[in-house]
Every structure is written in structure tokens, then in C-alpha cells.
2 protein chains.
Amino acid sequence: MSDGQPAERPLTRIQQKNRQTILEAALEVFSQHGFRGATLDQIAEVAGLSKPNLLYYFPSKEAMHVELLSTLMDTWLAPLRALDPEGDPVEEVMDYVRRKLELSRGFPRESRLFANEILQGAPRMVAALEGELKDLVDEKAAILRGWADAGRIADVPPHHLIFSIWALTQHYADFDVQVRAVLGPDHDPYAEAQGFLDTLFRKLLAP
Amino acid sequence: MSDGQPAERPLTRIQQKNRQTILEAALEVFSQHGFRGATLDQIAEVAGLSKPNLLYYFPSKEAMHVELLSTLMDTWLAPLRALDPEGDPVEEVMDYVRRKLELSRGFPRESRLFANEILQGAPRMVAALEGELKDLVDEKAAILRGWADAGRIADVPPHHLIFSIWALTQHYADFDVQVRAVLGPDHDPYAEAQGFLDTLFRKLLAP
DNA sequence: TCGTTTTCTGACCATATGGTCAGGATTACG
DNA sequence: CGTAATCCTGACCATATGGTCAGAAAACGA
């Protein structure tokens, strides 16, 4: 993601800090209200900076959103990238599930930001989805396919296996309110989810 | 959902038709842009009516949204309501999965409207979630628990089993863009999902 | 047909919102 | 220090948006 243009002068300490503060506030607000639902005033409020000051650091509201999404993409795909063709098939998948669930637990706002964007048809992301994402998934799906053909995991359609991992792990972050409303207090959704998903995927993958 | 107030005079033919047109347009727009992202002008445009005319039939933008959500709730819960304690355990659950997936396929906009609302913390729905929804889920979870205790299905936490059904079926509607982007053309996501989810849940539930 | 009720609209309003700008305050640094 | 660069702000602007209203146009009923 290095952009061209001449002489990118390095960020000053203040720039570094304020850009960070702003992105953090933007994440908070965007993930809660969506892009259109978020206002610069809200973000400024959360960041503790004035609105014109936000626009001193970012050319527009959209620029903040884009920056968040592109940074996010990497974090989000890292666990899948880590799927090792040399490792033990079932354990590799289980590791992926576990890491993905940890992301949901640790970064629910990021998960919701992403979900929001996809829900709205991903206007600012279709390209990335059809490019970077599809390539990575295809690559890993081929590995899964290989394992299935070798009888090392059950013969399930690899793309949908991956979708199921996304769906099940992200559900706990994206639908948090619903999950908690239904479970009531005195529950740790993520702890319970970990055990459940472990069972689910081991049963599914058992050859 | 009968509200009190005196003398509710029956809707005229025109009212019937126009309210329907408006709700249909509102669904289209809300499900695509979320509540705040949707504008009355857009809805009016889609409905083919003037903005003031929308407000002749509904007191406010919010009223349209509320009406959609409360109507939706019933449709959405119907399949779970149909889970029959007297039926064959595995087949009952599989029927639920199938019906839920059909809802996603047939009513993706409704699914996204709902998802949008939950994502934003369900400001207009927490009550329903903690009441109606929780009660229904608790009731059905008890049935599942009974089946598990009787060894008729595997011993999995019933609430999370239900969550997994929601997550997996709704994923195909809510994340449609992503699913299609990753699969590429020449795929019928729902057809493939049906087979995959069938396998997944049969394996999970096998005692 | 004619009066009454229902339906619909153009014009309008108040507020919210993304964004600009001229200039003041701070900081970096020779 | 002094000054140049960086940082920050109050005031302001144009547009978008939810909503109102007086009255015109249809539809209805006798």
C-alpha cells in the first residue's frame, strides 16, 4: 500500500499521535453508526479535537474511512495467511478458527466496521474483495481441497468451509447485542463459543 | 401488535396500496443504506411518490423503519417457532436450517435490514430481543437440551447451536457481495450452501 | 351533480452536516 | 532568541435533509 507521489516527508511526532487519535475515534464512531450515520462532529468529540483539526489531518471523512478499511484488511486476513500447507490439516484449520475468534473478541469494532461495509454492498471495497481476498481464499481453498482429496480431512467444499468459519466467528462480534440479549447475563459468549466451535469443526472435518 | 386508541377506521383501498408501496421502497433503501444512510427523497423516488406524500401516510421516517422491523420479526422467527418437540430431532433441526436458508435466499433485504439494526446496537429492538426473542429461544433450547439428554442428538450447547444456524444461514444474505466476489461467477451460493449446511449440521448433531 | 372527505403537492423552513479559510498559537530549529 | 514551519481554531458557507402547511385535485357518497 505504498502510494507514489514525490517526497513523502516523514510524519512528525504530533502528526503521528493525532492521526492515531483520530483513527481510533473514527473507528469507534464508524463501527457504531456506519459511514453515513457517523458525523465529523461525533468523531471530533470522541477524539477530543476540533472538527477543522480533523480535516487538517485528513482531507475528508471518506479518507478516514478508507484508511481504516485498508489497514483493517491486513489484520483481518493475517490468520488465513497463516494457514500452513505443511502443518497438520485439522490442527491448521482449528488454529485458524481460534485466531479468528480471538480477533472477534479482541477487535469487535473492526469486525463491525467491516460488516457494515459489506452489508452496504462494499462500495469502497469490491475491488479488494475480488482481488486480494479472492486470490488468498482461492489459494488456501486449494490447500484444503488437497487435504480432502488425500483423505486427511472430510470432503467438504473448501470455500464454504472458509465462509462458515467467517460466519461463525464474526457472528459473536457483529451480533453481540443479540447474543447477549438471548444468553442473558452470567454468560461469557466467547468462552462458550470457543468450546462449541471446537466441537463443531472437529466433527465436520473428521475424515 | 394491536395498538389501542379509539376507532381505528379501516384503511381505504388507496391507503392499503400506498402504504404497501412505501414500505416496499423503504425496505429497499433502508436495507441498502441503513437507517441513517437512507433519505426520504430516495424512498420517495423508489416508491414513485412525492416526499410530502410519504409523510401523509407515515408520521416520520422512523415510523416506517419501526413498522418494517416489527413486521419482519414475525417472519423471521416463524421457522424457529415451527420446531416441533414431537418430531424427529435431527430432522426438525435440519428443517429449521433449510427454512432459515430459504428466508435468506428469498428475503435478503429483510435479512440485511435486521443485520443493520443489530450491528448498530439495535437501538429500536433491544426490548424485543430481550423479551420475545429470548423467550422463544429459551423455550426451543430446552427442547434441544431434552433431546441431547436423551441421546437423540449430540450434546451441544443449544443456544450456540441456534446461533450457529443464524450465523451460517444469514451470512449468505448479509455478506452476499463478499460471497459472490470470492466464489466468482458461475456459482449458485445458495444451492451450494444447502448441501454444505446439510452435511455440517448432520455431522454436528449425530449422537 | 354537488358537497364532503380523502389524497396529494409546491413552496417553504429549521437544522445538521461536510467542508473552507484567514489568521492566531505553538513548536522546531539554526 | 528569532523566525519559519507546523498546528489549531472561530467563523462561515453551501448543501442536504426531515418535516410542515396551505391549498389544489381526486375520489367518494348521496
Side-chain angles (χ1 to χ4, degrees), chain A residues 5-69 116-117 120 123-124, chain B residues 5-69 116-117 120 123-124:
Chain A
Q5 303 323 298
E8 294 260 308
R9 52 189 58 216
L11 300 180
T12 69
R13 211 169 0 121
I14 295 183
Q15 280 167 348
Q16 196 94 48
K17 194 193 67 180
N18 282 348
R19 282 181 59 96
Q20 209 45 49
T21 306
I22 292 170
L23 286 176
E24 156 67 27
L27 171 61
E28 180 71 25
V29 178
F30 282 141
S31 68
Q32 196 166 126
H33 303 285
F35 179 71
R36 292 222 33 196
T39 75
L40 285 179
D41 287 291
Q42 281 176 94
I43 298 175
E45 165 95 35
V46 173
L49 297 172
S50 70
K51 184 167 66 167
N53 206 8
L54 297 193
L55 293 163
Y56 173 72
Y57 288 103
F58 291 88
S60 70
K61 179 183 168 184
E62 173 136 12
M64 298 174 204
H65 198 240
V66 168
E67 172 114 6
L68 280 173
L69 284 176
N116 246 312
E117 186 64 13
Q120 331 256 308
R124 295 161 254 275
Chain B
Q5 303 322 299
E8 295 256 308
R9 50 188 58 214
L11 300 180
T12 69
R13 213 168 0 120
I14 296 183
Q15 280 167 349
Q16 197 93 49
K17 193 194 67 179
N18 282 347
R19 283 181 58 95
Q20 210 43 52
T21 307
I22 292 170
L23 287 176
E24 156 67 26
L27 171 61
E28 180 70 26
V29 178
F30 282 142
S31 69
Q32 196 166 127
H33 304 285
F35 179 71
R36 292 221 36 194
T39 76
L40 286 179
D41 287 292
Q42 279 175 94
I43 299 175
E45 164 94 34
V46 173
L49 297 171
S50 71
K51 183 167 66 167
N53 206 7
L54 298 192
L55 293 163
Y56 172 73
Y57 288 102
F58 291 89
S60 69
K61 179 183 169 185
E62 173 136 13
M64 298 174 203
H65 197 240
V66 168
E67 172 114 5
L68 280 173
L69 284 177
N116 246 314
E117 186 63 13
Q120 331 256 307
R124 294 161 254 274

Exercise. Not counting sequence neighbours, list each pair that qualifies as a ring pair (Phe, Tyr, Trp, His ring centres under 6.0 Å) and has a residue in residues 36-63 of chain A.
Key: none

Just to confirm, is there a sub-4.0 Å distance from OP1 or OP2 of [N] to any side-chain nitrogen or oxygen of [X]?
X      : N       : value
S50(B) : dC8(C)  : no
R13(B) : dC28(D) : yes
Y56(A) : dC8(D)  : no
T12(A) : dT6(D)  : no

Rounded to whole Å, how long is the line connecting atom [atom1] of [X] with atom [atom2] of [N]?
X      : N       : atom1 : atom2 : value
K17(A) : dA28(C) : NZ    : P     : 11 Å
K61(A) : dA16(D) : NZ    : C1'   : 12 Å
L55(B) : dT6(C)  : CG    : P     : 19 Å
Q15(A) : dA28(C) : CD    : P     : 12 Å
H65(B) : dG19(D) : NE2   : P     : 13 Å
M64(A) : dG18(C) : CE    : P     : 9 Å
Q16(B) : dA27(D) : CD    : P     : 18 Å
L54(A) : dT17(C) : CG    : C1'   : 13 Å

Self-check item: Members of residues 32-43 of chain B that approach DNA chain D, where some heavy atom sits under 4.0 Å away
Solution: A38(B), T39(B), L40(B)

Quiz item: Want to settle it: does K51(B) or N18(B) sit nearer the 5' end of DNA chain C, counting the closest nucleotide to each?
Solution: N18(B)

Should [X] and [Y] count as side-chain neighbours, where that means a heavy-atom distance under 4.5 Å?
X       : Y       : result
T39(A)  : K51(A)  : no
N116(B) : Q120(A) : yes
V29(B)  : E45(B)  : no

Quiz prompt | Closest contact, heavy atoms only, L54(A) versus A44(A) | solution = CD1-N, 3.7 Å

Practice problem: List in chain and number order the residues that pass ring-ring contact (aromatic ring centres under 6.0 Å, His included) with H65(B), two or more places apart in sequence or in another chain; answer none if no residue qualifies. | Solution: F30(B), F35(B)

Quiz item: Of the candidate nucleotides dT20(D), dC8(C), dC7(D), which contains the atom at the shortest distance from the side chain of Y57(B)?
Solution: dC8(C)

Quiz prompt | R124(B), R19(B), K61(B) screened by salt bridge (Lys or Arg N to Asp or Glu O under 4.0 Å) with E67(B), the one that passes | solution = R19(B)

Quiz item: If you pin L49(A) and P52(B) to their nearest nucleotides in DNA chain D, which one's is more 5'?
Solution: L49(A)

